[in-house]
Amino acid sequence: MNAFTNYDETGLSLFVSVNRLELWGVSGVGALPASRDAAIFTKSANVVIEERRMRTDSNPIGRLLEQFTEEAFTAHPYHRPTIGWISDLNSFSATDAQNFFDKYYVPSNMSSPWSAT
């Protein structure tokens, strides 16, 4: 499993063997599996924090681009970094993630490669 986020979308790639596809489909695994287990959520959150440190906090160009974007898009949601502020990442919980998912990841907001959109 792997995920990515940009300003307008969050993507999740899940690779399942063909011989396990049906088993995965009936297993009840949701679209936000990290929220099901606190240890998995914590591990995932630590990966995101490390990515932020690597790409922004420890990178002068990353910091410059973040500061520029924050100022350039003051009145627009893009002023927030895609990966988030470190203060938010440090205080975000599995419950927060589940609440966000329940509010925003609803059928009307979701698309599928198999849908006719």
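Computed from a predicted structure; not experimentally measured.
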May I ask you to decide if the ring planes of F100 and Y104 are parallel, tilted or perpendicular, using 30° and 60° as cut-offs?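 Tilted, since the angle between the ring planes falls between 30° and 60°.
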All pairs passing side-chain hydrogen bond (donor to acceptor under 3.5 Å, both in side chains) where residues 46-55 contributes a residue, at least two apart: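 Found R52-D57, R52-E66.
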Would you list the pairs meeting side-chain hydrogen bond (donor to acceptor under 3.5 Å, both in side chains) in which at least one residue belongs to residues 85-95, sequence neighbours left out?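 Listed by first then second residue: S93-D96.
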Beyond-backbone contact of N99 with K103, side-chain heavy atoms, under 4.5 angstrom: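 Heavy-atom side-chain distance check fails, nothing below 4.5 Å.
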Which value, rounded to the nearest 0.5 Å, describes the distance between R63 atom CZ and N59 atom CG?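 Answer for the CZ-CG pair, R63 versus N59, is 7.5 Å.
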Got a second to check how far T42's OG1 is from I49's CD1, nearest 0.5 Å?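 CD1 of I49 is found 9.5 Å from OG1 of T42.
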In terms of hydrophobic clusters joined by side-chain contacts under 4.5 Å, are I83 and I86 together?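 In one cluster with I83: I86, yes.
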Shortest non-hydrogen separation from A94 to F41 and the atoms involved: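 Minimum heavy-atom separation between A94 and F41: N-CE2, 3.4 Å.
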Over 12 foreign heavy atoms within 6.0 Å of CZ, F4: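 Counting other residues, nucleotides and ligands, CZ of F4 exceeds 12 neighbours.
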